[in-house]
Amino acid sequence: MLLPILQERLQAAVASALPDADLSRVLVRPCTNATHGDYETTALMGLAKERKMNPRQLATDVQARLDVADICEPVQISGAGFLNFRIRSETLGRVIASAARGDHLFVVKTTRPRTVVIDFSSPNVAKPLHVGHIRSTFLGDCLARVFRTLGHRVVTDNHIGDWGTQFGMLLVGWSDHLDTAALAADPIAEMERLYKLVNARCKEDPSVRDRARSELVKLQSGDPENLAIWREMQRLSQVQFDNLYTRLGVQFDVTLGESFYNPKLAGVVAELEAAGIARASEGAVAVFSDGTLPTKEDPLLINRDGEWQANPFLVRKSDGGFNYATTDLATLEHRFNTWAPDEILYITGGPQQLHFRQLFQTYRRWRPGFTARLEHVWFGSILGSDGTPFKTRSGETVKLNDLLLEAEERAFVIVAGKNPDLPEAEQHEIARRIGIGALKYADLLPNRQSDYVFSWDKLLALTGNTAPYLQYAYTRTRSLQRKGGERPDLASLPDSLPLVAREELELARHLLNFGFTLEAVTSDYRPNFLCNYLYELAGRFSQFWENCPVLKAEDPATRTARAALCEVTSRVLGTGLNILGIETVERM
RNA sequence: GCGUCCGUAGCUCAAUUGGCUAGAGCUUCUGACUUCGGAUCAGAGGGUUGUAGGUUCGAGCCCUACCGGACGCACCA
């Protein structure tokens with residue numbers, strides 16, 4: 001909020017002191033260590049180093065050209081050449097007052113909106129959504145919300161697995177073993193049963209495998225009967241997807257499965273071959289290195305036993321079929337042509353890093369005019385308490401549906417225990433929000449690239465860095481609103497609120513950094529920055545709440561200022577949780 | 001073998017272009033308490049950031065080597 005102003009003034013001062021300086025690197029940020037001030041820049045040390053100047057001398061020079069007296073206390077120089085800014089409490093009071101009036105929420109929308117396509121979740125038809133989908137789903141949904149909050153255009157695209165080799169087996173299962181009653185009761189479970197059954201038969205009996213293959217060929221060549229079954233499987237799966245996404249509050253702008261791109265795959269390969277990018281190899285068609293990248297960075301080369309060898313990207317299998325590389329290229333082409341994005345994000349697990357490096361490199365060779373940013377936003381695994389991938393006790397994949405049910409049940413026990421007088425329906429609704437919120441928060445809190453250990457006790461804990469703690473802090477911010485009569489009037493606030501107590505000032509300073517935090521999330525695709533920001537906000541609010549009585553404050557101006565801080569904290573906390581995809585509750 | 005990622009307090013995790021004194025929670029111990037409002041707050045303990053070097057005014061972060069771990073490496077996605 002104030003940060004962009006300080007940064008602009010700093011850049012002007014630097015431009016006058018060093019006309020050739022690269023201003024895009026002259027940045028202001030919140031102080032990492034509050035003893036030095038509220039904001040700082042480390043840019044001058046870097047600039048001085050490049051020019052072999054004395055950094056303290058440069059800092060002194062820039063300080064003399066810098067005019068921020070309307071916002072800050074006198075600017076300080078510290079250490080090797082830091083510039084430290086401390087916001088005047090009168091300025092803080094003014095920003096808080098304007099936020100309380102509803103003029104802003106410490107977020108400046110971008111003046112240069114980008115179009116960002118986000119590819120996430122990507123479940124498979126005829127299979128249940130499971131624990132392996134949750135990080136992609138939560139991360140993608142959260143990033144979409146952050147980009148939108150900052151004013152960017154977002155297209156969320158669910159790239160459903162609806163066209164793979166598994167359908168050959170499913171079609172055999174459908175004709176040989178379908179239990180229509182079971183299908184009616186739980187379609188996903190029945191389809192999963194069919195798949196497993198036929199898969200096992202294939203391993204024992206080659207004739208079954210041949211049948212699966214021929215059913216798949218029939219399907220892919222447009223056989224009406226198989227197509228009808230396939231459509232039914234799709235429809236039944238979509239019901240499951242819709243149900244779960246509704247419960248999670250996750251929305252997609254478009255849902256285009258792999259089958260959508262099927263008609264284009266042959267053309268993709270033909271074009272790549274015609275352009276000399278792909279060629280036949282061992283019966284398949286593959287893309288090889290063109291040698292333009294340094295060997296160590298080339299995703300199409302691999303070092304085996306001390307020798308650099310081809311590490312090709314296969315776009316057509318030796319049996320003539322296409323694989324996900326081909327589909328991904330066609331998908332990229334479609335997104336490029338349809339939305340002209342500035343940025344495309346793929347939210348998938350870490351093991352796919354090589355695939356995406358190969359994909360991006362191949363596409364850029366195919367379409368040299370393509371300049372958008374392509375990012376593989378990858379994440380680590382969810383582990384059980386034994387440190388191996390999270391499974392059920394019997395070793396099966398944990399289904400998302402079961403996970404949500406258990407979260408809601410466990411939260412219900414807590415809510416009913418803490419608040420037995422609430423009507424049961426309300427307890428259930430609160431438990432739903434707490435349970436699912438806890439699951440999401442536990443997933444978004446760790447750095448996405450690290451694996452994390454799943455623990456019910458930890459994610460539903462009422463203390464520590466958890467969703468329930470934040471949701472509880474939110475209910476505390478709301479308790480004033482319920483005391484209608486005694487509430488100070490926020491409609492007619494003075495231009496600046498008197499902020500005096502240490503806790504008031506620290507809370508106010510932290511509120512100001514909401515927008516900065518959201519930008520940090522988008523630049524590294526890391527929602528954990530927002531989690532930690534909100535946790536710290538809740539902490540500062542609690543300190544304020546303990547030490548700064550609102551309704552009991554003697555002075556009316558103090559009462560108003562504190563009520564405004566509560567109100568603004570409430571909005572930031574509520575908005576922040578909402579951006580994480582977490583619903584708030586009024587009481588819990 | 002090669003590649004990617006990781007190794008931070010007893011445990012689970014943070015650490016914002018390399019920045020000033022590496023922070024939280026859990027656990028342990030102590031304190032506040034007939035509360036506007038304790039699912040809270042305050043305080044204490046706990047660290048050679050895997051090891052050894054290097055670059056830098058400054059390194060958890062960058063470079064090199066080594067140790068330990070996860071994952072990937074031609075027709076699954």
Side-chain angles (χ1 to χ4, degrees), chain A residues 24-27 29-33 35-36 40 42-43 45-46 48-49 54-56 78-82 84 122 124 161 164-166 258 281-286 296 299 302-319 321-325 327-328 348-355 357 378 380-381 383 387-389 414 418-419 445-447 449-453 455 457-458 461-466 468-469 471-473 475-476 479-480 483 486 513 516-517 519-520 523-524 526 528-529 531-532 535-536 539 542-543 545-547 549-553 588:
Chain A
S24 70
R25 286 173 46 217
V26 177
L27 304 175
R29 68 177 183 202
C31 274
T32 47
N33 181 340
T35 59
H36 295 105
E40 67 186 2
T42 59
M45 291 179 283
K49 189 176 208 166
N54 177 334
R56 299 262 326 183
S78 70
F82 295 84
N84 295 319
S122 310
N124 292 310
T165 42
Q166 74 269 29
E258 292 168 349
S281 169
E282 298 176 28
V285 177
K296 283 178 89 173
I302 190 168
N303 190 314
R304 283 212 178 88
D305 301 322
E307 255 179 78
W308 288 98
Q309 300 183 0
N311 187 30
F313 190 50
L314 264 67
V315 294
R316 197 173 71 200
K317 299 190 283 182
S318 50
D319 68 2
F322 303 103
N323 57 11
Y324 73 134
T327 312
D328 279 352
T348 83
Q352 294 187 48
Q353 285 175 89
L354 178 62
H355 167 72
R357 286 177 58 215
W378 60 270
S381 315
L383 308 177
T388 65
I414 295 169
K418 286 283 181 188
N419 230 330
L445 176 64
N447 181 330
Q449 293 180 334
S450 54
D451 298 344
Y452 77 90
V453 175
S455 157
D457 289 340
K458 205 151 274 179
L462 302 168
T463 59
N465 197 348
T466 66
Y469 173 82
Q471 285 164 317
Y472 177 67
T475 67
R476 297 175 95 192
S479 76
L480 265 185
K483 301 185 192 294
E486 304 173 53
N513 295 333
F516 173 82
T517 303
E519 275 166 39
S523 64
D524 281 343
R526 293 202 11 206
N528 66 309
F529 291 149
C531 295
N532 286 318
Y535 177 62
E536 203 171 318
S542 288
Q543 289 161 26
W545 194 241
E546 287 292 318
N547 294 295
V550 180
L551 300 177
K552 280 189 175 170
M588 59 188 274

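In what follows, chains carry the letters A, B, and so on, assigned in the order in which the sequence lines appear, proteins first and then strands, with residues in each chain numbered from 1. Values below: every heavy atom of this structure, side chains too, minus hydrogens, waters and symmetry copies. Owing to the predicted nature of the structure, the values given are computational and were not obtained by experimental measurement.
Rounded to a whole angstrom, the distance from the P atom of B:rG53 to that of B:rC71 is 32 Å. Nucleotides B:rU55 and B:rC62, compared at atom C1', are 8 Å apart to the nearest Å. Going from the C1' atom of B:rC61 to that of B:rC6 covers 14 Å, rounded to whole Å. Between B:rC33 and B:rA42, the two C1' atoms lie 13 Å apart (nearest whole Å). Separation of the C1' atoms belonging to B:rG25 and B:rG46 is 14 Å when rounded to the nearest angstrom. Rounded to a whole angstrom, the distance from the P atom of B:rA22 to that of B:rC26 is 22 Å. Rounded to a whole angstrom, the distance from the C1' atom of B:rG19 to that of B:rG58 is 7 Å. Separating the P atom of B:rU8 from that of B:rG50 is a span of 6 Å, rounded to the nearest Å.
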Would you write out the dot-bracket form of RNA chain B, 5' to 3', with Watson-Crick and G-U pairs under 3.5 Å, [ ] for crossing pairs, | for pairs to other strands and . for unpaired bases? (((((((..((((.....[...)))).(((((.......))))).....(((((..]....))))))))))))....
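When heavy atoms are screened at a 4.0 angstrom cut-off, A:Glu258 is found touching the sugar-phosphate backbone but no base atom. Using a 4.0 Å heavy-atom cutoff across all strands shown, A:Ser318 reaches at least one base atom of the nucleic acid. Nucleic acid contact for A:Ser281: base, since at least one base atom lies under 4.0 Å from a heavy atom of the residue. Within the nucleic acid shown, A:Lys458 comes within 4.0 Å of sugar-phosphate atoms alone, with no base atom in reach, counting heavy atoms only. As judged by a 4.0 angstrom heavy-atom cut-off over every strand, A:Ala461 is placed among residues making no nucleic acid contact. Residue-level contact check: A:Asn124 touches neither bases nor backbone, having no heavy atom under 4.0 Å from any strand. When heavy atoms are screened at a 4.0 angstrom cut-off, A:Thr463 is found touching the sugar-phosphate backbone but no base atom. Note on A:Pro351: only backbone sugar-phosphate atoms sit closer than 4.0 angstrom, heavy atoms only; bases stay farther off. Within the 4.0 angstrom heavy-atom criterion, no nucleotide atom of any strand lies near A:Arg56. As judged by a 4.0 angstrom heavy-atom cut-off over every strand, A:Val453 is placed among residues touching the sugar-phosphate backbone only. At a threshold of 4.0 angstrom between heavy atoms, the contacts of A:Arg476 are confined to the sugar-phosphate backbone, with no base atom among them. Using a 4.0 Å heavy-atom criterion, one finds that A:Pro549 contacts the bases of the nucleic acid, with or without backbone contacts as well. Using a 4.0 Å heavy-atom criterion, one finds that A:Asn447 contacts the sugar-phosphate atoms exclusively. No contact: A:Phe313 has no heavy atom under 4.0 Å from any strand.
Map A:Leu445 and A:Arg29 each onto its nearest nucleotide of RNA chain B; the residue landing nearer the 5' end is A:Leu445. A residue-by-residue look at A:Asn84 and A:Ala286 shows that A:Asn84 has its nearest nucleotide of RNA chain B further toward the 5' end.
When all heavy atoms of A:Asn528 and A:Pro446 are compared, the pair lying nearest together is CB-O, 3.9 Å. Nearest approach of A:Arg25 to A:Ala43, heavy atoms of both residues: O-CB, 3.6 Å. Between A:Gly321 and A:Asp319, the shortest heavy-atom contact is N-OD1, 2.8 Å. What you find for A:Met588 and A:Pro468 is that their closest heavy atoms are CE-O, 3.6 Å. The nearest pair of heavy atoms linking A:Gly161 to A:Gln166 is O-NE2, 3.9 Å.
Looking at A:Tyr472, its side chain has no donor and acceptor atom pair within 3.5 Å of the base of B:rA39. With hydrogens and angles ignored, a donor-acceptor pair under 3.5 angstrom links the side chain of A:Ser78 to the base of B:rC20. At a cut-off of 3.5 angstrom, counting only N and O atoms as typed in the model, there is no donor on one side facing an acceptor on the other between the side-chain of A:Gln449 and the base of B:rC6.
Side-chain atoms of A:Thr32 lie closest to B:rC20 of the nucleotides B:rU40, B:rC20, B:rG25. When distances are taken from the side chain of A:Asn33 to each of B:rU40, B:rC75, B:rU21, the shortest belongs to B:rU21. The side chain of A:Leu27 sits closest to B:rU17 out of B:rC57, B:rU17, B:rC75. Closest to the side chain of A:Gln543, out of B:rA74, B:rC41, B:rU16, is B:rC41. Considering only side-chain atoms of A:Ser542, the nucleotide from B:rC41, B:rG25, B:rC13 that sits closest is B:rC41. Distances were taken from every side-chain heavy atom of A:Asn528 (C-beta onward) to each of B:rC20, B:rA15, B:rC76; the shortest belongs to B:rA15. Picking from B:rG19, B:rU21, B:rC75 the nucleotide with the shortest atom distance to the side chain of A:Thr35 gives B:rU21. Each of B:rA39, B:rU56, B:rA74 was ranked by its minimum atom distance to the side chain of A:Lys418; first place goes to B:rA39. Side-chain proximity of A:Lys552 to the nucleotides B:rC36, B:rC75, B:rC20 is greatest for B:rC36.
A:Lys296 is listed as a side-chain neighbour of A:Trp308, based on a closest heavy-atom distance under 4.5 Å. Looking only at side-chain heavy atoms (C-beta outward), A:Lys458 and A:Val453 stay at 4.5 Å or farther from each other. The side-chain heavy atoms of A:Ser542 and A:Arg476, taken from C-beta on, include a pair separated by under 4.5 Å. Considering only heavy atoms from C-beta on, A:Leu445 stays 4.5 Å or farther from A:Thr466 through its side chain.
Atom-to-atom, CD of A:Glu40 to P of B:rG18 comes out at 13 Å; the value is rounded to the nearest Å. Remark: C1' of B:rA39 and OH of A:Tyr469 are 10 Å apart, rounded to the nearest angstrom. To the nearest angstrom, P of B:rA14 lies 14 Å from CG of A:Asp524. A:Asn311 has its CG atom 15 Å from the P atom of B:rC2, to the nearest Å. Across the protein-nucleic acid pair, A:Asp457 atom CG and B:rG25 atom P stand 19 Å apart, rounded to whole Å. As rounded to whole Å, 5 Å separates atom P of B:rG25 from atom OH of A:Tyr535. Distance, A:Lys49 NZ to B:rU17 P: 15 Å, rounded to whole Å. The CD-P distance, from A:Glu536 to B:rA15, rounds to 12 Å in whole Å.
Stacking of the aromatic ring of A:Phe82 onto the base of B:rC20 is found: the ring centres lie under 5.5 Å apart and the planes are inclined by under 30°.
In the model, A:Ser455 has no side-chain atom that pairs as donor or acceptor with a side-chain atom of A:Asp457 under 3.5 Å. Side chain to side chain, A:Thr42 and A:Arg29 fail the donor-acceptor criterion of an N or O pair below 3.5 Å.
Under the 30°/60° scheme for interplanar angles, the aromatic rings of A:His355 and A:Phe313 are found to be tilted.
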